[in-house]
Amino acid sequence: MAKPKPRVKVPKKAKAGEVITIKTLISHKMESGQRKDKKTGELIPRQIINNFKAEFNGQLVFETDLEPAVSSNPYIQFSMKVPESGEVVFTWTDDDGSVYTTSKKIAVG
Amino acid sequence: MKCGGKGSLRWGAGLALASLLVGAGAAYGEPNDNKLVIDGQTLTTEAAAPEGVELDKLYSGWRFRSPETQELQTDDFENPAMVAVDQGAELWGTVDGSAGKSCMSCHGEAEASMKGVRAGYPKWSDKRGKPHTLETQINECRTDRMEADAWKWESSNMLGMTAFVGLQSRGMPVKVQTDGPMAQWHAKGKELYFTRVGQLNMSCANCHQENYGKMIRADHLSQGHINGFPVYRLKWGGLGSSHRRFKGCMENIRATPFKRGSDEFVALELYLASRGAGLSVETPSVRN
Amino acid sequence: MLNRRDLIKYGSAGAAVAVLGVPQLALAETVPTTDDRIKEFTGGAQIGEGKVSLSTPEIAENGNTVPVEVSVESPMTAEDHVAEVLILADGNPRPGVATFKFTEMSGEAFASTRIRLAMTQDVVAVAKMSDGTFQMARNTVKVTIGGCGG
């Protein structure tokens, strides 16, 4: 599998106290662990993104545990109340221990 | 199970076809009237049928999808194919092969140089003595000019690149050459389109010309246009080429599929593109 | 090869195997049911209805990617907010889908994702409020099987 690529959509500007919508997507096969290899008949081991979280200036905004029923290329949308200018850091955790991150700045004004 | 001779197979095929094409209820009979607007740009999802095409009107496959599936294509962030487009954009500027070149070395910014390209493929190549699909053109650039390895037809690199290049033509009308040296390829594609094959003894036309708009079990049959390829299919959970889709159709009617990139599929791709002339390029589209 | 008479003859032995064998198999891999997961989440507390809005398509064209959106009525303050929402798919081999965890920073208890549904079934959302009460909503999604490439 190619290295998962995260994509995030965050408004660049917001008013103080405004509730904004954040959209995220990461390329990942989300192998459920329930599919069989067509050739060998063996179960393909589970490998999914099992956790996603978003932090703003070090404070947790939103977190989700994911199970194999989440579709490939997992898409997650949520809201955030913007208190001040700062940076949102996004973290996806893979079953194999890999961690993928990206970040976006928001300016209040 | 007992299998009869040829006669009973035919009979079976007739039954199968009849039972597949049921329940063309009024609610499902027609494409829906939704408008495809992507980030402010309106795309053409219906057009007059080109000369020689026996359809009242052309409708993009998008018009046959449910509102939830349609919505995935109306926002470039929500469209899951855009991950592959990002990958293609990165590859565009990445040097590969012993000539030390990237796509960008010759073509510059794709936004300008690749505008309109997708709309005109497959395209005649004097050098090959046959048409180029976008895939074979990309591989010719890779092997001859970049001196890099060719990509496999359905590889993630190839799909990312065809999606990225295709996106530069989004909204432009499909228009392929069908005369001159392309005429015999076009004729071959047309012949394939109307030829019944496989155990179910069906042609492309049986579903996509004669019965579009009806339900094939729980699926709403489209006219089978290819203006959105490579397409992100929910079933695949990823992008796929038109030739992959052709293979799937042939397997469904229990025919032995041609290979991706075969002369047969290139001819069929050309004919299908010509049937959809005037519809907007939707690459990368989203279907069920 | 066994014929029908043999089957009748060995039928009782087969039943014994079934009685002894199946619970052992079940022990080897226990998949919690939807009810198990809800009980684990709520600790058996009563669950109210009316505050959770769950949005799903009535018919999904393909079970591989079904959009699910959930929101819960709440002022989302430090004193009164939605802590977590558990999403379950009742008819999947494993009902677990996702657990959304909100904070004061969330502004509103809203999240959406795309999920896999193996067949026509109910999607369930259970919300845990900061005061320890629970709310839920349940929607049926019809999952179609494509005729072509289904």
Side-chain angles (χ1 to χ4, degrees), chain A residues 9 11 14-26 28-36 43 46 48-84 86-89 91-92 106, chain C residues 29 31-32 34 37 40-41 55 60 62-72 74-78 81-119 121 123-125 141 143:
Chain A
K9 190 174 183 180
K15 294 189 188 85
E18 190 182 341
V19 177
I20 59 165
T21 298
I22 294 178
K23 297 176 179 182
T24 73
L25 193 149
I26 188 164
H28 197 283
K29 60 192 172 182
M30 294 295 276
E31 191 61 61
S32 69
Q34 293 177 50
R35 287 197 317 145
K36 281 183 178 164
L43 271 184
R46 171 185 140 154
I48 66 167
I49 297 281
N50 58 48
N51 182 270
F52 163 80
K53 65 180 178 187
E55 290 158 305
F56 183 74
N57 293 348
Q59 205 183 340
L60 185 70
V61 175
F62 174 83
E63 181 174 7
T64 175
D65 293 327
L66 305 175
E67 300 188 50
V70 172
S71 305
S72 54
N73 304 321
Y75 170 88
I76 300 159
Q77 187 184 337
F78 57 96
S79 301
M80 175 182 137
K81 195 172 182 175
V82 186
E84 62 205 4
E87 191 177 37
V88 198
V89 177
T91 310
W92 291 261
I106 304 175
Chain C
E29 200 205 10
V31 178
T34 301
R37 291 292 301 263
E40 184 199 353
F41 187 67
S55 167
N62 190 295
N64 261 347
T65 311
V66 183
V68 171
E69 193 176 290
V70 66
S71 64
V72 188
S74 164
M76 292 304 277
T77 58
H81 60 269
V82 180
E84 293 182 26
V85 175
L86 172 69
I87 307 288
L88 299 167
D90 200 12
N92 276 0
R94 287 155 197 274
V97 177
T99 312
F100 301 128
K101 298 169 187 176
F102 302 98
T103 68
E104 280 174 72
M105 293 277 294
S106 303
E108 58 183 355
F110 163 87
S112 101
T113 187
R114 298 169 185 164
I115 71 171
R116 294 167 171 152
L117 297 178
M119 56 182 187
Q121 59 182 281
V123 174
V124 180
V141 181
V143 176

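So you know, we letter chains A, B, ... as the sequences are listed, proteins then strands, and number each from 1. Worth knowing before you read on, the calculation uses all heavy atoms, side chains too, and leaves out hydrogens, waters and symmetry mates.
- When the candidates A:Val19, A:Val70, A:Val82 are compared by the number of heavy-atom contacts under 4.5 Å with chain C, A:Val70 comes out ahead.
- When each of A:Ser79, A:Pro68, A:Ser72 is checked for heavy-atom pairs under 4.5 Å with chain C, A:Ser79 comes out on top.
- Of the listed residues (C:Gly107, C:Ser106, C:Pro95, C:Ala109), the greatest number of heavy-atom pairs within a distance under 4.5 Å of chain A belongs to C:Ser106.
- Going from atom CG of A:Leu60 over to atom CD of C:Glu104 covers 11.5 Å, rounded to the nearest 0.5 Å.
- Among all heavy-atom pairs drawn from A:Met30 and C:Arg116, the shortest one is O-NH1, 2.8 Å.
- Remark: C:Thr103 OG1 to A:Glu55 CD distance equals 10.5 Å, nearest 0.5 Å.
- Aromatic rings of C:Phe110 and A:Phe78 (six-membered ring for Trp) have centroids beyond the 6.0 Å cut-off, not under it.
- In this structure a side-chain-to-backbone donor-acceptor pair under 3.5 Å is missing from C:Thr99 to A:Thr64.
- Ranked by non-hydrogen atom pairs under 4.5 Å with chain C, the options A:Ala54, A:Ser71, A:Ser32 are led by A:Ser71.
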Point to revise | Intermediate values then yes/no, side-chain contact (heavy atoms from CB on, under 4.5 Å), C:Arg94 and A:Gln34 | key: CA-CA 10 Å; C:Arg94 287 155 197 274; A:Gln34 293 177 50; 3.2 Å; yes
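- Residues A:Glu67 and C:Ile87 have side chains not in contact (no heavy-atom distance under 4.5 Å, counting atoms from C-beta outward).
- Nearest approach of C:Ala98 to A:Leu66, heavy atoms of both residues: CB-CD2, 4.2 Å.
- Note that the NZ atom of A:Lys81 and the CE atom of C:Met76 stand 10.0 Å from one another [nearest 0.5 Å].
- Within the 4.5 Å cutoff, the side chain of A:Leu25 has heavy atoms near those of the C:Arg114 side chain.
- Of all non-hydrogen atoms in C:Val97 and A:Ala69, the two that sit nearest each other are CG2-CB, 3.9 Å.
- At distances below 3.5 Å, at least one donor-acceptor pair connects side-chain atoms of C:Thr113 with backbone N or O atoms of A:Tyr75.
- From C:Lys101, atom NZ reaches atom NZ of A:Lys53 across 10.0 Å, with rounding to the nearest 0.5 Å.
- Using a 4.5 Å cut-off between heavy atoms, C:Asn64 touches chain A through its backbone atoms (N, CA, C, O) alone.
- Options C:Ala111, C:Ala118, C:Ser112 differ in how many heavy-atom pairs under 4.5 Å they form with chain A, and the most are formed by C:Ser112.
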